[in-house]
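Shown next, in structure tokens, is the structure this report addresses.
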Amino acid sequence: MEGKGAQVNILLAGKTHQVSEGATGFDLFELREVIAMHVNGEARDLSHVITAEDQVEGILIDSPAGLEILRHSTAHVMAQAVQEMFPDAKLGIGPYITDGFYFDFDVEEPFVPEDLKRIEKRMKELVGKSQRFTRVEVSDEEAKSLMANEPYKLELIGLKSEDVQEGSVEVSSGGLSVYENTNPDGSFAWRDLCRGPHLPNTRQIGKSFSLTRSAAAYWRGNENNKQLQRIYGTAWPTKEALEEHLERIEQAAKRDHRKLGAELDLFSFPEEIGSGLAVFHPKGGIIRKVMEDYSRAKHEEAGYEFVYTPHITKSNLFEQSGHLNWYSDGMFPPMKLDAEVGEDGEVRKQGVDYYLKPMNCPFHILIFKSRSRSYRELPLRMFEFGSVYRYEKSGVLHGLTRVRGMTQDDAHLFVTQDQLQEELTSVLKFVLDLLRDYGLNDFYLELSTREEGNPKFVGEDAIWESATKTLEQVAKDSGLELVADPGGAAFYGPKISVQARDAIGRTWQMSTIQLDFNLPDRFKLEYVGSDGGRHQPIMIHRALFGSIERFFGVLTEHYAGHFPPWLAPVQAVCIPVSDEFADYLDSFAGSLKTESVRINVDHSDSRMQKKIRDHTLDRVPFIILAGARDVEAGTVAFRFRDGNQRNDIPLEEAKQIIRDAISNKEQV
RNA sequence: GCUCGAUUAGCUCAGUGGUAGAGCAACUGUUUCGUAAACAGUAGGUCGUCGGUUCAAGUCCGACAUUGAGCUCCA
């Protein structure tokens with residue numbers, strides 16, 4: 001770093017360095033893996049000129065920031081390839097995303113899989129050409145003239161950053177910039193409006209990328225806009241990293257609850273019944289029953305009262321609750337009853353509309369209202385496994401996690417203002433403890449609050465403020481990570497939702513604890529206070545599983561079908577080494593059956609090895625074998641799902657191992 | 001709801017306009033076996049539904065249903 005001219009001091013990776021005036025990242029970093037740099041916290045190209053007192057850190061290609069740049073640059077190369085091969089394609093946006101990137105194009109004909117292969121091939125050629133990414137800072141006018149043939153880019157230039165969503169890769173709050181790809185001979189290859197930064201050279205993209213799928217996407221995410229054709233891809237610094245990524249996807253596909261649901265005979269969606277309406281088969285039924293039984297027992301302990309309400313109601317109820325105003329799109333259309341119309345078209349008898357319920361709250365409210373309530377009854381906690389039906393749009397249905405008919409483990413809590421904090425604290429603890437019992441133990445909380453000044457949110461400012469503060473306090477006290485979700489509240493109140501991470505790190509919204517300032521008002525709920533006056537209770541909506549169906553699907557994927565013994569449909573299968581030892585196992589299994597252990601003996605005439613294979617594929621937690629040796633010694637042998645064995649276990653000890661695993665909710 | 005794709009035996013899949021196939025599962029026999037697939041045989045299908053093109057349709061076209069990926073939505 002000796003130089004001509006003046007020297008300036010900079011802070012490189014925290015240490016003071018002297019560099020020549022006008023030095024760039026290329027002068028600072030010799031490592032090939034450094035592909036960009038942070039300058040005073042901002043990601044910059046290596047070609048960026050450093051000035052005095054700058055704080056500079058290199059960005060490695062396999063760091064989170066480096067991967068984003070790699071993927072974004074790969075997206076540029078893809079767009080270049082697409083525009084070469086489809087000259088009429090107009091550019092949408094092309095950002096990096098988790099594990100990859102996409103780019104949107106306005107084209108006459110949607111892309112087909114063969115197109116993707118051809119584009120990928122052309123991309124590899126472009127990577128081999130060693131094109132340089134060159135940043136050009138431009139004025140609005142220059143940008144408009146450079147992007148004159150790109151109507152969507154012109155729209156973005158017009159918008160600038162104020163209206164563009166956060167994380168935009170096209171425009172930033174500063175000036176505009178354009179990135180040009182130039183060939184080694186200096187000739188121009190391609191350009192895009194882009195804030196950068198980029199890799200120095202396309203060669204650094206390497207070969208470890210892949211185009212994965214194409215799909216339509218609305219321009220700027222608005223369904224009233226035109227649909228553009230989006231191509232998704234994934235990109236990694238090394239071949240190994242790409243292969244690991246593909247392996248992760250394969251593993252995730254193997255534990256897909258829809259696949260496991262069929263393989264393990266848990267549930268199905270018969271076409272005859274209709275989209276999004278599941279039936280649970282006997283084996284899925286056992287799991288569900290155990291889940292429900294345990295939940296009921298816990299609710300009983302925690303002071304909940306059990307209520308039951310019907311699945312349909314006259315329209316009046318949902319008119320009063322307001323659902324028909326703001327939720328009718330999500331409701332099945334009404335059943336029209338009792339109307340009588342004469343042949344002349346004259347209405348002789350006014351009919352009544354009945355609706356399937358999309359929510360349980362109004363029903364519970366009617367129970368609250370069935371008589372006058374005293375403050376002494378509060379908090380009043382009503383619990384129900386309530387089946388609700390929602391007319392979800394056909395395109396959003398997804399296995400058990402997005403259905404049209406579901407059962408919520410729904411509770412509504414009616415509390416006084418004074419009780420709110422304590423009740424919320426205990427509800428959150430209750431929810432987390434129960435989720436842990438089901439084997440989920442990696443959580444974070446999301447606090448959804450109101451957007452200031454948006455008129456859609458009902459209720460007095462003071463109530464919102466104090467309730468939000470209370471929720472936040474409760475969330476903080478839990479000690480869990482708390483993520484803010486400003487503007488994400490329902491119009492009727494703020495909420496905490498529990499996000500759980502499953503065994504392979506995906507997050508699922510599970511429980512919600514939601515305050516409601518709207519329904520108590522609409523239904524004029526009141527209780528008599530100690531002062532003899534009438535007061536309005538605060539209402540808390542609370543679901544723990546979200547829906548049983550959804551929770552079932554999440555648990556299936558979390559365990560990859562290897563349910564712990566307490567949940568497993570079949571807890572143990574006994575396999576005699578040959579038929580003559582079946583009686584011995586019958587008596588072993590028989591005594592556990594009297595204790596309600598779900599155990600049976602495989603009497604089929606398959607070979608022992610075949611039986612082991614079948615029950616292993618069925619993910620039975622305990623496989624128990626016995627042959628001549630065991631009969632003689634009064635023992636059995638365990639074979640576990642992972643192939644491990646424990647041989648020569650005395651009968652009583654074997655029984656205790658099984659009992660303990662079930663009652664302690666252990667995984668085996 | 002929108003875009004693109006898929007739908008053949010219980011399951012996984014082959015079948016590119018001319019006589020519907022395989023493996024597994026099921027069933028029947030034989031086999032009785034010490035830790036992930038014994039052997040043989042039998043049965044099983046209006047090729048999602050309806051309509052069209054054609055001498056002829058699982059195959060080409062259209063609508064609908066179901067489903068997959070993505071978008072939008074998810075109070």
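The basis for the numbers below is simple: all heavy atoms, side chains too, and nothing from hydrogens, waters or symmetry mates. In what follows, chains are A, B, ... by sequence order, proteins preceding strands, each numbered from 1.
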Once hydrogens and angles are ignored, does a donor-acceptor distance under 3.5 Å link the base of [N] to the side chain of [X]?
| X | N | value |
| --- | --- | --- |
| Asp630(A) | G34(B) | yes |
| Arg613(A) | A37(B) | yes |
| Arg641(A) | A36(B) | no |

Produce a footprint string for nucleotides 62-70 of chain B: one letter per nucleotide, 5' end first; B if the base is under 4.0 Å from any protein heavy atom, S if only the sugar-phosphate is, - if neither. ---SSSSSB
Taking Watson-Crick and G-U wobble contacts under 3.5 angstrom, with | marking pairs to another strand and [ ] crossing pairs, the secondary structure of RNA chain B is written (((((((..((((....[..)))).(((((.......))))).....(((((..]....))))))))))))....
Answer yes when Glu446(A) and Lys495(A) have at least one side-chain N-carboxylate O distance shorter than 4.0 Å, and no when they do not. no
Strictly below 4.0 Å, N to O, side chains only: are Glu653(A) and Arg646(A) in salt-bridge contact? yes
Rounded to the Å, how far apart are [X] [atom1] and [N] [atom2]?
| X | N | atom1 | atom2 | answer |
| --- | --- | --- | --- | --- |
| Arg619(A) | A36(B) | CZ | P | 17 Å |
| Phe103(A) | C71(B) | CZ | C1' | 17 Å |
| Ile231(A) | U3(B) | CD1 | P | 18 Å |
| Lys254(A) | U12(B) | NZ | P | 16 Å |
| Asp106(A) | C4(B) | CG | C1' | 16 Å |
| Glu108(A) | U3(B) | CD | P | 15 Å |
| Asp265(A) | U12(B) | CG | P | 13 Å |
| Met331(A) | C73(B) | CE | C1' | 17 Å |

Between Arg639(A) and the options Thr616(A), Val573(A), Ile575(A), the side chain to side chain contact (heavy atoms under 4.5 Å, CB included) test singles out Thr616(A)
Face-on cation placement of Lys357(A) at Phe363(A) ring, 6.0 Å and 45° thresholds: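 Satisfied, under 6.0 Å and within 45°.
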For the atom pair [atom1] ([X]) and [atom2] ([Y]), what is the distance rounded to the nearest 0.5 Å?
| X | Y | atom1 | atom2 | value |
| --- | --- | --- | --- | --- |
| Arg230(A) | Ser214(A) | CZ | OG | 11.5 Å |
| Phe103(A) | Gln229(A) | CZ | CD | 14.5 Å |
| His323(A) | Met359(A) | NE2 | CE | 4.5 Å |

Suppose you measure atom [atom1] in [N] against the same atom in [M]; what distance do you get, rounded to whole Å?
| N | M | atom1 | result |
| --- | --- | --- | --- |
| A57(B) | U49(B) | C1' | 16 Å |
| A14(B) | A40(B) | C1' | 25 Å |
| C27(B) | A36(B) | C1' | 24 Å |
| C55(B) | U8(B) | C1' | 25 Å |
| G23(B) | G1(B) | P | 41 Å |
| G51(B) | A56(B) | P | 16 Å |

Which of the following nucleotides, G34(B), A36(B), U32(B), is nearest to the side chain of Ser578(A)?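 Ranking G34(B), A36(B), U32(B) by closest atom to the Ser578(A) side chain puts U32(B) first.
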Nearest to the Leu617(A) side chain among U32(B), U3(B), A36(B), which nucleotide is it? A36(B)
In terms of the nearest nucleotide of RNA chain B, which residue is placed more toward the 5' end: Ile612(A) or Glu223(A)?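 It is Ile612(A) whose nearest nucleotide is closer to the 5' end.
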If you assign Met608(A) and Phe111(A) each to the RNA chain B nucleotide with the nearest heavy atom, which residue ends up on the more 5' nucleotide?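 Looking at the nearest nucleotide for each, Phe111(A) comes out on the 5' side.
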Base, sugar-phosphate alone, or nothing: which one does [X] contact when heavy atoms must sit under 4.0 Å apart?
| X | result |
| --- | --- |
| Ala262(A) | nothing |
| Asp329(A) | nothing |
| Gln229(A) | sugar-phosphate |
| Gly643(A) | nothing |
| Lys495(A) | sugar-phosphate |
| Ala637(A) | base |
| Asn222(A) | nothing |

Before we go on, tell me: are the rings of Phe523(A) and Phe368(A) under 6.0 Å apart, centre to centre?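 Centroid distance Phe523(A)-Phe368(A): not below 6.0 Å, so no.
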Protein-nucleotides 22-27 of chain B N/O pairs closer than 3.5 Å?
unit_1	atom_1	unit_2	atom_2	d
A25(B)	OP1	Lys610(A)	NZ	2.6

Taking ring pair (Phe, Tyr, Trp, His ring centres under 6.0 Å) as the definition, give me every residue that meets it alongside Phe457(A), ordered by chain and number, with sequence neighbours left out.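 With neighbours one apart ignored, the set is Trp464(A).
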Heavy-atom neighbours of Phe332(A) CZ exceed 12 at 6.0 Å: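 Yes, because the 6.0 Å sphere around CZ of Phe332(A) holds more than 12 heavy atoms from other groups.
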When His541(A) is tested against each of His364(A), His412(A), Gln514(A) for side-chain hydrogen bond (donor to acceptor under 3.5 Å, both in side chains), which residue passes?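 So the option named by the test is His412(A).
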Show every salt bridge (Lys or Arg N to Asp or Glu O under 4.0 Å) that has at least one partner inside residues 255-271 of chain A, sequence neighbours left out. Asp256(A)-Arg258(A), Lys259(A)-Glu263(A)
Sorted by first residue and then second, give each salt bridge (Lys or Arg N to Asp or Glu O under 4.0 Å) pair with at least one member in residues 614-627 of chain A; sequence neighbours left out. Lys283(A)-Asp618(A), Lys610(A)-Asp614(A)
So, is Arg607(A) close to the A38(B) phosphate, meaning a side-chain N or O under 4.0 Å from OP1 or OP2?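 Yes, Arg607(A) has a side-chain N/O under 4.0 Å of OP1/OP2 on A38(B).
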According to a strict under-4.0 Å criterion, is Arg390(A) in side-chain N/O contact with OP1 or OP2 of C73(B)? no
Is a side-chain donor or acceptor of Thr401(A) paired with a backbone partner of His398(A) at a separation under 3.5 angstrom?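 At least one qualifying donor-acceptor pair exists.
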